[in-house]
Each structure stands twice: as C-alpha cells, then as structure tokens.
Amino acid sequence: MPELPEVETIVRQLRPKLAGQRLLLVELLDDKLSLPVGEEMVGSTVVVVERLGKQIALNLRTTDGNRWLVFHLRMTGSLIWSAGNKPVEQKHLRAILSFEKGKLLFYDLRRFGTIILGNSRDEVSPKGLEPLSSGFTPERLGSLIANSRQVLKSWLLRQDRLVGIGNIYASEIPFTARLSPHRPVNSLSINELRQLHRAIVSVLELSIEHRGTTFSDYRDSTGKKGGFQKLLRVYGRDGKPCPSCGTIIQRTVIGQRSTYFCPTCQPAG
DNA sequence: CTCGGAGCCTGTCTGC
DNA sequence: TGCAGACAGGCTCCGA
C-alpha cells in the first residue's frame with residue numbers, strides 16, 4: 001500500500017496534531033505486535049513526526065532520553081487520528097495510542113504492518129537514499145545503479161538503494177521516463193539516467209500534491225482517499241489506451257509483481 | 001556480493 | 001450459489 005507520497009501525506013497531517021502532545025497509553029490488540037513499551041514511555045512527549053522512507057516515526061522525549069516509535073504500514077496498514085472521545089471503528093484495529101487530545105489508531109487488514117521502538121534515528125532509518133533530498137542527483141543515481149544488472153522495475157523497488165518507491169510508482173516512473181521496465185539498469189545512458197532521475201522526482205512530488213494514490217485500501221490520517229489514482233497513466237490500466245500514444249497498455253510480471261507499461265512509449269532494449 | 005523465489009496474512013474478485 | 005484459484009500497494013529470509 002503506502003509508498004513515499006502516501007506516507008508523506010500522513011506525516012504532514014499528523015505533525016501538527018501530535019507535536020508537543022503527551023503519550024498517555026499504548027494498547028496492542030494483535031499478538032503479532034510486540035513492543036517493549038516501558039514505564040518511561042508513558043508521559044513521554046512527541047518532539048517531531050518524520051517520514052523515514054516508508055515509515056512514520058515519532059520522536060518521543062522520555063524521562064530516560066529520546067526514543068523513536070516507528071510505524072511501517074506495509075500493504076494494508078493505516079494510521080488514523082481520532083480527536084476527543086469519538087467512538088472508534090474496531091474492525092482490523094491493531095493498536096491504540098492515546099494522547100491528551102485524541103487517539104492514534106493503527107489499522108491493518110493483512111497484519112504485515114509493524115511497530116518498533118528504537119534508541120536513535122540511525123537505528124530505525126532505512127539504508128537507502130531519500131529521493132526527495134538534496135543529495136539525490138543524477139550523478140548520485142548513477143553511482144547507486146553502477147554494477148547492477150537488475151532490470152529497472154526491480155531496481156526501483158530496492159529500499160537499500162533508494163527509499164520510498166513501491167509497486168505503483170515502480171510502473172509510473174519508467175513510463176514518465178519513457179524507459180522499458182525490463183531495461184537492465186547498467187545499460188542506461190547518461191541521458192537516460194537524467195530522464196530517470198527527473199521522473200523519480202516529478203512523479204513522487206506530483207503524487208504528494210494530490211495526497212497520494214488510493215488503489216484499494218490506502219487512506220490518509222483523516223480516513224480520506226488520495227487523489228493521484230486519477231492521474232495514474234499505466235498502473236492498473238492494462239487493456240486501456242496509453243494516455244500519450246493510444247497503444248494498449250500491457251501488464252506483465254517482473255519479480256513476482258504486476259508491472260504495467262506502454263510497449264510503444266517504452267520500447268524494450 | 002547479487003539475484004530470484006517462497007512465505008507471511010486476510011480479503012476480494014473471477015471463472016467454472 | 002459454491003468453490004477453487006488468482007491476486008493485492010511490502011519486506012525478509014534462504015539458497016543458487
């Protein structure tokens with residue numbers, strides 16, 4: 001489910017709601033979630049809310065130093081902010097974090113989502129580079145790609161190189177870059193590398209502007225759907241005409257995952 | 001080191 | 001209508 005634009009949307013919404021609030025109670029409703037929430041956590045204060053790759057991270061100031069409480073939504077997780085004491089939907093509810101002014105509700109149908117607690121930002125951060133950071137340049141992309149024989153689609157999903165891209169944007173980005181998802185990344189020319197770099201940044205930024213993509217389950221922290229699904233150009237559109245040239249969009253499987261592309265705009269080889 | 005496949009879960013949808 | 005099988009936005013682990 002949530003990739004970088006969706007998680008960024010949630011983080012931007014939660015930041016003003018949670019900043020400065022005291023955590024009063026943590027309730028875990030799923031045996032799969034095991035969180036070493038010690039005494040010092042109760043009464044801790046939210047310092048900042050940040051996106052770390054596809055994770056939502058709360059930095060908490062406790063009596064025993066700062067901690068990072070980190071949510072990963074995986075396929076079907078959502079984090080919903082519920083103000084005051086409104087009644088709460090119970091279906092698929094996996095955890096409740098109660099704050100002074102409301103509750104942070106963690107829902108997760110397929111139960112792949114995780115909550116972890118760490119002692120430092122480094123400890124909980126993914127290894128890959130943030131594609132919307134100033135350090136992400138065409139040159140840097142080139143060095144990340146160097147030596148990899150993986151095909152473009154699979155490479156874009158690697159969180160140890162570049163964080164935040166999931167299966168939807170791993171189809172949309174190659175389309176925008178006019179590159180075949182089957183291209184081995186070490187075969188890209190300098191110009192193609194620039195096109196790819198531009199596509200990664202522009203697709204992610206445009207999606208954030210539209211509060212992310214809701215293909216089926218994704219909801220933002222207010223329970224609303226995203227808006228970018230109206231702007232998807234290839235993902236989920238197999239059998240329909242390419243918005244650029246009219247050729248029928250094709251679906252294939254790369255690395256066990258659905259992949260969509262226009263055979264005319266994104267010619268192989 | 002790299003890469004591809006199985007597995008983790010629960011639900012919806014399609015075709016027989 | 002019933003049922004089996006495919007498929008779903010992510011990631012880890014294992015073996016080649």
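Sequence lines set the chain letters: A, B, ... in the order given, protein chains first and strands last, and positions in each chain run from 1.
- Here the separation of dG5(B) from dC7(C), taken at their P atoms, is 15 Å to the nearest Å.
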Start with the C-alpha gap between Ile96(A) and Val88(A), add the side-chain angles, then the distance that decides, and say whether side chain to side chain contact (heavy atoms under 4.5 Å, CB included) holds.
CA-CA 10 Å; Ile96(A) 306 170; Val88(A) 163; 5.5 Å; no
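- Going from atom OG1 of Thr222(A) over to atom CD of Gln13(A) covers 5.0 Å, rounded to the nearest 0.5 Å.
- What separates CZ of Phe112(A) from P of dG11(B) is a distance of 12 Å, to the nearest Å.
- Spacing of P atoms, dG11(B) relative to dC11(C), comes out at 22 Å, to the nearest Å.
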Would you tabulate the nitrogen or oxygen pairs shorter than 3.5 Å linking the protein to nucleotides 4-7 of chain C?
none

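- One finds no side-chain N or O of His92(A) lying less than 4.0 angstrom from the OP1 or OP2 phosphate oxygen of dT10(B).
- Considering only side-chain N and O atoms, Lys32(A) lies nowhere under 4.0 angstrom from the phosphate OP1 or OP2 of dC8(B).
- Summarising the hydrophobic clusters (Ile, Leu, Val, Met, Phe, Trp, Tyr; side-chain heavy atoms under 4.5 Å, direct or chained), the residues clustered with Val163(A) are none.
- Contacts classified as side chain to side chain donor-acceptor pair (under 3.5 Å) and involving residues 156-171 of chain A (residues at least two apart or in different chains) are given here: Glu6(A)-Tyr169(A), Gln150(A)-Arg158(A), Lys153(A)-Asn167(A), Arg158(A)-Asp160(A), Tyr169(A)-Ser207(A), Tyr169(A)-Thr213(A).
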Under 3.5 Å between N/O atoms: give me all the protein pairs with nucleotides 1-4 of chain B, atom names plus distance.
residue: dT2(B); atom: OP1; partner: Arg161(A); partner atom: NH2; Å: 2.8
residue: dC3(B); atom: OP1; partner: Ser148(A); partner atom: OG; Å: 3.0
residue: dC3(B); atom: OP1; partner: Arg149(A); partner atom: N; Å: 2.9
residue: dC3(B); atom: OP1; partner: Gln150(A); partner atom: N; Å: 2.9
residue: dC3(B); atom: OP2; partner: Gln150(A); partner atom: OE1; Å: 3.2
residue: dC3(B); atom: OP2; partner: Arg158(A); partner atom: NH1; Å: 2.9

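- Heavy atoms of Tyr235(A) sit under 4.0 angstrom from primed sugar atoms or phosphate atoms, though from no base atom.
- Evaluation of the salt bridge (charged side-chain N to carboxylate O under 4.0 Å, His left out) rule for Asp64(A) yields Arg67(A) as partners, not counting sequence neighbours.
- Straight-line distance from the CD1 atom of Ile115(A) to the C1' atom of dG10(C): 16 Å, rounded to whole Å.
- The side chain of Arg257(A) places an N or O atom within less than 4.0 Å of a non-bridging phosphate oxygen (OP1 or OP2) of dG10(C).
- In this structure, Phe112(A) has its ring center at least 6.0 angstrom away from the ring center of His72(A).
- Between Phe215(A) and Tyr235(A), the ring-plane angle classifies as perpendicular under the 30° and 60° cut-offs.
- Checking Asp108(A) against Thr76(A) by side-chain atom types alone, a donor-acceptor pair falls below 3.5 Å.
- For Leu156(A) and dG10(C), the CG to C1' distance is 15 Å, given to the nearest whole Å.
- Inspection of the Arg233(A) and Thr176(A) side chains reveals an N or O donor paired with an N or O acceptor under 3.5 Å.
- Atom CG of Leu157(A) and atom P of dG10(C) are 7 Å apart (whole Å).
- Where Leu109(A) and Gln159(A) meet DNA chain C, the nucleotide closest to each residue was compared, and Leu109(A) sits on the side nearer the 5' end.
- With hydrogens and angles left out, the side chain of Arg111(A) and the base of dC9(B) share no donor-acceptor pair within 3.5 Å.
- In this structure, the nucleotide among dG11(B), dC11(C), dC9(B) sitting nearest to the side chain of Lys54(A) is dC11(C).
- Atom NZ of Lys101(A) has 12 or fewer heavy atoms from other residues, nucleotides or ligands within 6.0 Å.
- Between Gln55(A) atom CD and dC11(C) atom C1' there is a gap of 11 Å when expressed in whole angstrom units.
- Remark: DNA chain B takes part in the stems B:2-8 with C:10-16, B:10-16 with C:2-8, each of 3 or more antiparallel Watson-Crick or G-U pairs, criterion distances under 3.5 Å.
- Under the 30°/60° scheme for interplanar angles, the aromatic rings of Phe106(A) and Phe71(A) are found to be tilted.
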